[in-house]
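Encoded as structure tokens, the structure appears first; notes follow it.
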Amino acid sequence: MNHVAIDIGASGGTVFLGEVTESSFAVQEVHRFDNRPVERDGRYVWDVDALVDHIGDGLSAADDRADGLDTVGIDTWGLDFGLLADGELLRDPVSYRDPESTATREQVFEAVGKRRLFDATGITNWNTPNTLWQLHTIAEREPERLEETDGLLMMPQLLSARIGGVPAGEVTIASTTQMVDPEERTWATDLLEELSVPTDLLPPLSEPGQCLGAVDDDVVSGLSSTPEIVTTASHDTAAAVAGLPLVEDAAFLNTGSWFILGVERDAPVRTDNAFEHGVSNELGVDGSVRLLKNINGFFMLEECRKAWREAGEPLEYETLLSAAEEAPPRAALVDTDAETFGIDEPMPEQIRAYCRRTDQPVPTGQGSIVRCLLDSLAAKTALELDALAAVVDDPPSHIVLGGGGVRNELFCQLLADATNRPVSTGPVEATAVGNVLTQAVAAGTVPDIDTGRELVESAFETTTYEPGNAGEWADAKDRLAALTDDSLSEA
């Protein structure tokens with residue numbers, strides 16, 4: 001069968017055609033586009049109309065490559081949502097990176113406390129602008145907007161509805177909101193009512209695999225067939241983990257604008273130890289739970305590339321990584337989760353200012369800045385893996401890597417060295433693979449996710465990076481831990 005995976009991240013989107021049989025699995029990219037928040041009326045928002053146009057272009061490109069399309073599934077980044085009245089958007093969805101989107105976060109903490117939030121939702125992503133904080137800010141500062149609203153849709157379901165699907169909810173994307181009970185896999189209504197956040201806006205939640213209807217010919221015209229819209233694992237990380245060839249003693253690391261590091265388990269973990277180490281519980285396919293840590297990932301590198309592009313400077317990855325390999329290792333480190341880093345100013349200067357403020361050597365050229373970021377991300381991931389290992393009974397012995405970092409050989413080796421664990425690469429486009437795989441399970445072509453993962457493992461080449469130089473990374477991890485503690489104390 002032919003399945004179309006529409007994978008939209010916070011910096012770009014890609015459309016893939018997946019062809020799946022009982023014994024074969026293949027995906028090919030058919031369309032790619034940029035996606036960044038746009039500034040409108042003083043806020044950073046998502047251009048939904050442009051995204052729908054790109055989805056249409058991607059479906060048309062897939063249709064040109066295939067003998068008919070059977071299903072389509074959309075996954076996106078987490079956290080963000082649209083507010084609707086009578087099926088129409090009240091305004092463009094605000095980006096989680098908008099400085100004002102979580103203005104009342106501290107009020108949430110004061111009202112119920114972090115431990116209450118964790119007990120109710122299993123989420124400790126205090127460095128992530130969760131949906132709960134965004135919705136609470138609207139409830140506190142724009143209550144009239146919520147009075148107009150009769151529905152809330154997370155971004156994947158909002159886009160699915162725009163191309164013909166019925167409004168719906170789906171558990172993997174909902175679990176990023178800090179508004180879901182991970183045990184019951186339903187909205188944590190008691191918590192929301194305690195915070196005076198309306199619950200009548202929230203759609204019923206379903207597991208991946210729900211059919212939402214057919215693509216609307218008036219929205220996407222000219223297709224040779226009319227594919228069904230299916231709720232895939234619609235959070236991009238849930239899709240990526242579904243598409244990785246995981247075994248029991250492996251951690252996963254999905255790399256993109258965010259790094260998501262974790263292990264897959266059968267039930268949530270809401271122990272004192274998990275809370276103290278900042279481990280979150282998000283929901284995955286087949287009733288699974290992903291115990292994870294969120295790390296601000298390649299976002300800063302992409303922001304640097306944006307600044308260099310605007311300055312007319314070289315920015316091809318090969319050039320940047322070659323220069324980074326020649327730069328002094330671990331000379332300067334930054335806490336990528338520090339709240340000081342945003343989208344308002346050129347990122348290279350933000351990094352230099354951070355290094356000056358923390359009395360470190362200041363990186364100047366592109367190579368030293370990229371090396372600073374890659375070293376920092378490797379050390380940060382190693383610290384977070386230590387925290388994760390302290391929470392589970394069977395600490396992971398190696399890492400399976402998915403996403404764009406798979407192509408970055410320098411980063412893969414730095415990661416193996418910093419974590420002192422082998423790093424095996426999964427599919428570069430793990431998210432699209434998992435998106436297609438969950439559609440194939442819903443369609444009955446593949447009986448279950450485990451069988452699908454076996455197909456994936458046989459379909460993609462892997463590389464393993466062995467660790468070395470662990471001793472040289474101990475000091476770097478200590479330095480970064482000190483910087484992280486400092487930044488948290490300032491936040």
Side-chain angles (χ1 to χ4, degrees), residues 2-19 25-38 46-66 69 71-78 80 95 155-156 158-160 162-163 215 219-220 222-223 227 229 232-237 239-240 243 254-259 297-299 301-306 308-310 314-321 401-408 411 425-439 456 459-460:
N2 294 323
H3 310 285
V4 180
I6 297 168
D7 170 30
I8 306 177
S11 59
T14 316
V15 180
F16 292 84
L17 173 63
E19 299 175 89
F25 190 102
V27 295
Q28 59 174 310
E29 178 184 320
V30 297
H31 182 60
R32 182 175 290 266
F33 55 92
D34 291 331
N35 180 45
R36 280 180 53 84
V38 297
W46 300 107
D47 189 337
V48 172
D49 290 337
L51 290 174
V52 171
D53 288 343
H54 286 303
I55 290 170
D57 291 342
L59 284 169
S60 297
D63 190 55
D64 290 341
R65 306 274 188 97
L69 304 177
T71 66
V72 55
I74 300 174
D75 69 75
T76 76
W77 70 98
D80 291 341
S95 167
M155 288 300 295
L158 174 63
L159 294 170
S160 294
R162 286 292 297 269
I163 66 170
V215 171
V219 178
V220 184
L223 299 181
I229 305 166
T232 180
S234 63
H235 182 214
D236 52 11
T237 304
N254 192 49
T255 54
S257 295
W258 287 92
F259 281 11
F298 288 138
F299 158 72
L301 177 57
E302 289 305 315
E303 286 295 300
C304 285
R305 293 182 72 230
K306 173 179 176 285
W308 292 328
R309 182 186 306 113
E310 292 174 349
L315 49 79
E316 286 75 13
Y317 269 117
E318 293 78 7
T319 302
L320 294 176
L321 294 178
L401 183 70
V406 169
R407 294 193 182 101
N408 189 330
F411 173 72
T425 58
V428 173
E429 303 297 352
T431 302
V433 168
N435 183 320
V436 168
L437 179 55
T438 52
Q439 291 183 62
V456 170
F460 294 90

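What you see is a predicted model; the values in this text were computed from it and never measured.
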CD1-CG distance between Ile74 and Leu158, expressed to the nearest 0.5 angstrom: 9.0 Å

Glu429 CD to Phe16 CZ distance, which is reported to the nearest 0.5 Å: 3.5 Å

4.5 Å side-chain heavy-atom contact, [X] and [Y]:
X: Asn2; Y: Leu17; value: yes
X: His3; Y: Val27; value: no
X: Asp7; Y: Asp236; value: yes
X: Met155; Y: Ile8; value: no
X: Leu223; Y: Val220; value: yes
X: Asn35; Y: Ser11; value: no

Would you say the side-chain atoms of [X] pair up with the backbone N or O of [Y], donor to acceptor, closer than 3.5 Å?
X: Gln439; Y: Val4; result: yes
X: Thr425; Y: Gly402; result: no
X: Asn435; Y: Gly73; result: yes

Stepwise salt bridge (Lys or Arg N to Asp or Glu O under 4.0 Å) test for Glu29 and Arg65: CA-CA 10 Å; Glu29 178 184 320; Arg65 306 274 188 97; over 6 Å; no

Between Phe298 and Tyr317, ring centroids under 6.0 Å: no

Nearest atoms (heavy-atom pairs only) where Ala432 meets Ala5: O-CB, 3.8 Å

Taking every non-hydrogen atom, the tightest pair across Thr14 and Phe33: N-CE2, 4.2 Å

Leu159: which of Asp75, Ile229, Thr76, Ile6 passes side-chain contact (heavy atoms from CB on, under 4.5 Å): Thr76

NZ/NE/NH1/NH2 to OD/OE distance under 4.0 Å, Arg309 and Glu302: no

Sidechain N-carboxylate O distance under 4.0 Å for Lys306, Glu310: yes

